[in-house]
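What follows is one structure encoded as structure tokens, with my remarks underneath.
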Amino acid sequence: MATVLLWGCAVGAALAGWASDRFGRRVVLFAAGLLFCVSALGAAFPSQLWQLIAARVLGGIAIGSASLIVPLYIAEIAPARVRGRLVTLNQLAIVTGILIAFVSNYGLARLTHGSWRWMFGLGAVPAVALCVSLLWIPESPRWLLQRGKRERARATLQQISPGIEVESALNEIAESLTEEVGTYRELLGHALRKPLVLTVMLAIIQQVTGINTVLYYGAIVFAEHGGASASQAIGMNVMVGVVNLLFTVVALLMIDRLGRRPLLLTATGGMGLCLLVFAAMLHYLPGRSALLLVPVLGYVACFAFGLGTGVWVCLAELFPNRIRGRAMSIATMVLWISVSCVTATFLSLIKIFTASGVFLGYALLCAASFVYIFLRLPETKNRTLEEIEIMWLK
């Protein structure tokens with residue numbers, strides 16, 4: 001069921017970029033909210049297996065769409081000086097939701113035999129809250145200006161950034177729009193090929209370094225390779241969720257101060273070291289669940305501090321306005337395909353190479369990712385989206 005959901009995420013990411021460029025960011029996000037609600041209720045009350053599978057696919061489409069649209073929308077309405085922090089707030093909300101899910105599922109598991117239905121069904125509550133809140137959220141001013149709705153764009157800019165010179169900002173956005181291209185074919189042109197390859201690689205790096213093996217299968221690893229009981233393993237997973245949340249908050253405070261490059265380099269380097277220690281402990285100290293938890297928490301902390309937040313910021317800000325939806329669609333689709341492949345192969349790889357060997361492999365991928373980011377990623381801290389576009393043209 002996890003893999004079915006993730007392939008739905010890839011489909012949602014593929015469709016959302018085109019739809020957001022055509023219908024607007026807000027409309028697509030509202031549609032994602034409706035799909036979240038239908039998926040939660042459909043998964044909670046299926047009468048046949050295919051209904052549960054269909055509900056999970058719809059939920060995946062909603063996740064893929066939202067994971068693309070939300071950082072894109074935030075990047076387009078946020079002032080340059082706080083754009084990183086505001087995009088990071090989205091990641092903070094995600095990891096908060098993961099932690100709440102860990103804790104609530106831990107409590108619901110103690111209820112009656114049908115508790116799994118509540119685990120799915122409660123997801124409809126935040127979905128309804130999302131749809132209702134969108135009634136007060138304005139459309140992206142850059143998208144409005146792209147569609148020739150200058151007066152609405154002016155009103156939105158005045159609402160979200162009352163201290164700026166509105167006409168100057170509108171003219172700057174309009175000028176950038178007149179110079180931009182808007183087709184998938186143009187993404188392969190000279191000016192956009194470099195950011196496209198970079199964002200696709202960042203999307204792959206975020207996942208092939210193994211984070212979802214810990215989030216999805218952490219309890220299994222602690223139980224089967226760390227000697228923890230079932231309840232202890234679930235409790236350790238809750239600790240993973242807490243650390244994920246705490247260090248996402250740290251990233252929120254630091255990303256616009258330190259910049260994107262330092263966070264991503266610190267993350268990949270720290271993750272590689274922690275995985276190296278974890279792999280060695282699995283090999284030489286099996287059955288020591290308390291000790292094994294230490295490098296895992298360090299690994300999750302490094303991920304949350306850098307890759308968990310910085311990659312989404314980079315995906316949202318590295319492309320020109322008019323093509324951003326389509327470009328992010330490609331990068332986000334690749335990200336979810338990477339999640340699917342890592343999740344689907346993890347348990348099989350453990351049988352072939354042992355858990356120690358698999359996590360050693362992830363450590364080597366972290367080292368390769370560090371080198372790639374060091375050589376290829378430019379710093380975009382405090383630059384407007386228009387300045388970033390000019391950087392690629394130069």
Side-chain angles (χ1 to χ4, degrees), residues 2 4-43 54-78 83 86-101 120 122-140 143 199 203 206-207 211-212 215 244 248 308-309 311-317 319 324-340:
V4 168
L5 176 77
L6 295 173
W7 284 112
C9 292
V11 173
L15 296 175
W18 166 82
S20 69
D21 283 340
R22 183 176 180 84
F23 302 110
R25 315 325 190 194
R26 188 166 166 261
V27 170
V28 176
L29 194 54
F30 188 86
L34 292 178
L35 286 179
F36 275 127
C37 189
V38 172
S39 171
L41 296 177
R56 296 295 280 167
V57 171
L58 290 178
I61 293 173
I63 293 171
S65 300
S67 67
L68 185 154
I69 298 300
V70 173
L72 183 153
Y73 173 81
I74 295 173
E76 290 186 344
I77 67 169
R83 185 172 60 242
L86 291 180
V87 174
T88 302
L89 276 175
N90 174 54
Q91 182 66 14
L92 177 62
I94 292 172
V95 299
T96 302
I98 292 173
L99 177 58
I100 292 172
F120 283 122
L122 286 175
V125 176
V128 171
L130 170 64
C131 292
V132 172
S133 66
L134 284 168
L135 298 176
W136 290 275
I137 292 177
E139 182 55 88
S140 162
W143 184 85
T199 51
Q206 190 195 57
Q207 297 304 319
I211 184 60
N212 280 305
L215 296 181
N244 197 9
T248 300
T309 54
V311 167
W312 289 111
V313 174
C314 291
L315 263 59
E317 68 183 11
F319 290 104
R324 186 172 294 111
R326 289 176 172 86
M328 278 195 69
S329 177
I330 294 174
T332 310
M333 180 180 65
V334 170
L335 185 148
W336 285 113
I337 291 174
S338 301
V339 178
S340 303

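FYI, the numbering just counts along the sequence from 1. Predicted, not measured: the structure shown is a model, and the values here were computed from it.
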From L92 atom CG to L86 atom CG, the distance as rounded to the nearest 0.5 Å: 11.5 Å
Using every non-hydrogen atom in the two residues, find where E139 and V27 come nearest and quote the distance to one decimal. OE1-N, 4.4 Å
By side-chain hydrogen bond (donor to acceptor under 3.5 Å, both in side chains) - contacts of N212 (at least two apart): Q207
Closest heavy-atom contact between P71 and A316? O-CB, 3.4 Å
How long is the span from the OG1 atom in T88 to the CD1 atom in I74, to the nearest 0.5 Å? 9.0 Å
Closest approach of G12 and S65, non-hydrogen atoms and distance? O-OG, 3.4 Å
Would you please test V57 and W7 for side chain to side chain contact (heavy atoms under 4.5 Å, CB included) and show each step? CA-CA 7 Å; V57 171; W7 284 112; over 6 Å; no
A14 backbone acceptor or donor facing S329 side chain under 3.5 Å: yes
Suppose we screen for side-chain hydrogen bond (donor to acceptor under 3.5 Å, both in side chains). Which residues come up paired with S67, at least two apart in sequence or across chains? W336
Apply side chain to side chain contact (heavy atoms under 4.5 Å, CB included) to R26 and W143, showing your working. CA-CA 10 Å; R26 188 166 166 261; W143 184 85; over 6 Å; no
Atom CG of L6 and atom CZ of R56: how far apart are they, to the nearest 0.5 Å? 8.5 Å
Student check: side-chain heavy atoms of W312 and L68 closer than 4.5 Å: no
For residues 28-42, which side-chain N or O atoms pair as donor and acceptor with protein atoms under 3.5 Å away, sequence neighbours left out?
| from | atom 1 | to | atom 2 | distance (Å) |
| --- | --- | --- | --- | --- |
| S39 | OG | A55 | O | 2.6 |
| S39 | OG | G59 | N | 3.3 |

Can you tell me how far CG of L72 sits from OG of S20, rounded to the nearest 0.5 angstrom? 5.5 Å
For S140, give me all partners under side-chain hydrogen bond (donor to acceptor under 3.5 Å, both in side chains), at least two apart in sequence or on another chain. E76
Would you please name every residue forming a side chain to side chain contact (heavy atoms under 4.5 Å, CB included) with I94, sequence neighbours left out? N90, Q91, I98
Within the structure provided, determine whether L99 and T96 are in side-chain contact (heavy-atom separation under 4.5 Å). no
Closest heavy-atom contact between L335 and A203? CB-CB, 3.7 Å
Who are the side chain to side chain contact (heavy atoms under 4.5 Å, CB included) partners of I77, not counting sequence neighbours? Y73, P141, I160
